[in-house]
Amino acid sequence: MSNHEPNITELPKGIELLHEPSLNKGTSFTAPERDALGLHGLLPPRIFSQAERAQHVMNNIRRKTSNLEKYLYLIGLQDRNEKLFYRVLVDNMAELSPIVYTPTVGLACQEYSRIFRRPHGLFISKYDRNHIKEVLLNWPHRDVRVIIVTDGERILGLGDLGANGMGIPVGKLSLYTACAGIAPETCLPIMIDVGTNNNDVMNDPSYIGLQEARLRGDQYDALLDEFMEATSKLFPRAMIQFEDFGNINAFRLLERYRNRYCMFNDDIQGTASMTLAGLHSALRMISDKLTGQRLVVLGAGGAALGIGSLMISAMAGEGLSIEDAHRRCWFVDSKGLVVTSRTDLSEHKRRFARDYPFHRDLLAVVEAVKPTAIIGASGQPGTFTPQVLETMARINERPIVFALSNPTSQSECTAEEAYRFTDKRAIFASGSPFAPVVMDGQTFVPGQANNSYIFPGVGLGILSSEASRVTDEMFAAAAKALDEQVSQEDFALGRIYPSLSSIRKVSVNIALAVAKVAFARRLTAMQEPPDLPGLIKSKMYDPTYQDYI
Ligand code: NAD
């Protein structure tokens with residue numbers, strides 16, 4: 001990873017320097033720098049420290065009245081002055097994560113065609129077939145270490161947004177830098193535009209993507225195969241994160257590539273890890289064991305089945321047989337409980353089907369199964385109804401309720417509902433953030449089950465250990481490492497994830513756990529260094545301005 005700081009002779013001069021976001025320090029260029037770099041007159045005379053400028057930025061953000069305006073302001077800053085952007089993001093992660101990521105990034109994607117100003121990544125379309133390498137060569141940086149790729153088919157819980165989905169890889173890569181110090185010039189967001197089946201998006205006159213129905217079948221696979229091959233040849237040290245692909249492709253592509261390339265699917269594996277971490281912490285809070293839980297997952301898509309798969313292996317890791325672990329998990333999709341008697345199940349759902357009586361709706365399932373935890377990954381708001389929550393509270397002293405669907409508008413229930421209808425006994429976490437809830441004089445701080453607790457640390461661990469594969473064992477280790485960082489103070493607030501303000505420390509510890517798996521399983525040609533934490537920290541990008549003189 002590059003941590004190279006340029007010296008004065010390598011810098012462009014004058015206006016060119018001010019227009020280079022990775023080098024520009026704006027009004028923080030010192031007097032000697034202004035002398036040496038031809039900046040006099042191009043900047044107003046007053047010189048500010050980076051801390052002062054960061055404070056000004058936060059003041060400006062707080063004055064803005066809509067989250068989309070805040071998003072646009074931040075993206076503008078990223079385009080002008082990258083270090084200041086990351087300084088502000090790192091120091092205000094809890095406040096700004098909902099702007100650069102869910103829920104605001106969902107809104108930004110819906111508006112992406114209208115707000116698109118300048119490229120932050122590569123668009124590869126189906127017409128680039130047989131030329132993908134040439135397109136990749138247009139990217140200005142060669143030392144790429146993390147790629148996030150999407151085809152825009154399932155953006156958050158918002159569905160098919162086509163090329164507008166580019167907002168997701170762009171936003172998530174800025175979290176790689178902010179949360180885990182992956183240098184920005186080593187991050188590459190990619191949108192593979194294969195069309196869209198969303199007519200509203202396609203018929204929008206300003207839509208930036210292909211106005212065609214989605215490519216499917218062999219031609220789609222051939223395009224993706226070419227992409228993976230070209231990418232791994234051109235950027236051999238890069239880890240590739242698949243993001244927001246539709247169900248129809250997400251599992252297939254993961255199975256197709258996971259043993260051939262250094263890649264993973266964040267919706268499946270990252271979500272599972274973050275959910276498992278939350279469950280570990282919830283159970284630690286109430287002194288209970290994973291192997292005694294009964295889990296009902298609402299949804300049977302990428303997130304839900306990824307969660308199921310990791311839960312089963314984690315329970316098996318704690319002593320249950322795989323069969324017994326499987327018998328502790330139930331899945332409910334849009335048609336009802338996923339059971340073996342159903343004839344409409346896809347291959348990947350069938351693996352999780354239970355030999356159990358069919359129930360059509362969630363309430364009936366909860367009544368029958370008596371789960372200790374319900375986990376929502378359905379993208380359907382309001383599906384954790386008051387009756388479902390009341391039933392959970394009747395069955396359990398401390399019902400565990402995770403409403404993971406994003407953005408906020410799609411959450412299975414609100415934090416307020418979760419506490420209200422369980423007599424304030426729920427251990428609650430949500431995918432998108434909810435403000436603390438005050439009820440009868442008590443304050444509850446809902447945990448945010450945010451994938452950015454996991455994927456940046458996993459990436460840092462993979463890059464630091466030069467691992468060639470990303471494995472489920474690494475995601476299980478990441479979950480444990482995250483759980484270990486939730487303190488008694490967090491528990492006292494009802495919180496089962498650490499504060500986002502400590503995310504860089506959290507990411508280092510996750511990276512350590514992941515790198516240890518890489519060394520233990522010989523997934524790298526590198527020798528384990530004596531000071532692994534030191535090595536990991538040394539790889540991290542620092543957004544502090546450097547003196548060029
Ligand atoms: P997906 O499209 O693969 O799966 C959605 C699933 O929900 C499908 O199995 C579908 O049958 C089911 N479903 C639809 N309507 C339903 C209903 N009324 N009742 C029960 N099930 C229903 O999508 P995904 O990747 O699994 O993501 C699902 C949701 O989870 C999205 O909203 C996404 O934002 C969210 N998610 C959150 C996080 C997080 O919290 N960090 C991470 C990943 C995904």
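One-based numbering, in listed order, for ligands and for the atoms of each. These figures come from a predicted structure and were not determined experimentally.
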With heavy atoms only and a cut-off of under 4.0 Å, state how [X] meets ligand 1: side chain, backbone, both or neither.
X: Leu404; value: both
X: Lys335; value: neither
X: Ala449; value: backbone
X: Gln380; value: side chain

Atoms of ligand 1 less than 4.0 Å from [X] heavy atoms?
X: Gly379; value: 29 (C), 32 (O)
X: Ala300; value: 6 (C), 8 (C), 9 (O)
X: Val332; value: 20 (C), 21 (N)
X: Leu298; value: 19 (N), 20 (C)
X: Asn247; value: 1 (P), 2 (O), 3 (O), 4 (O)

Kindly identify the option in [options] whose heavy atom sits closest to [atom].
atom: atom 33 (C) of ligand 1; options: Leu158, Asp267, Asp333, Asn406; value: Asn406
atom: atom 13 (N) of ligand 1; options: Gly246, Ser334, Gly270, Ser411; value: Ser334
atom: atom 44 (C) of ligand 1; options: Gly106, Ala303, Gly302, Gly301; value: Ala303
atom: atom 14 (C) of ligand 1; options: Gly376, Gly159, Ser378; value: Ser378

Looking at [Y] and [X], is there a salt bridge between them, counting it only when a charged N and a carboxylate O are closer than 4.0 Å?
X: Lys349; Y: Asp333; result: yes
X: Glu489; Y: Arg495; result: no
X: Arg214; Y: Asp193; result: no

Notebook entry, point to check: Between Asn451 and ligand 1, does any nitrogen or oxygen pair lie at a separation below 3.5 Å?
Noted result: yes
Check: Stepwise, does the side chain to side chain contact (heavy atoms under 4.5 Å, CB included) test hold for Val105 with Val100?
Finding: CA-CA 6 Å; Val105 74; Val100 294; over 6 Å; no
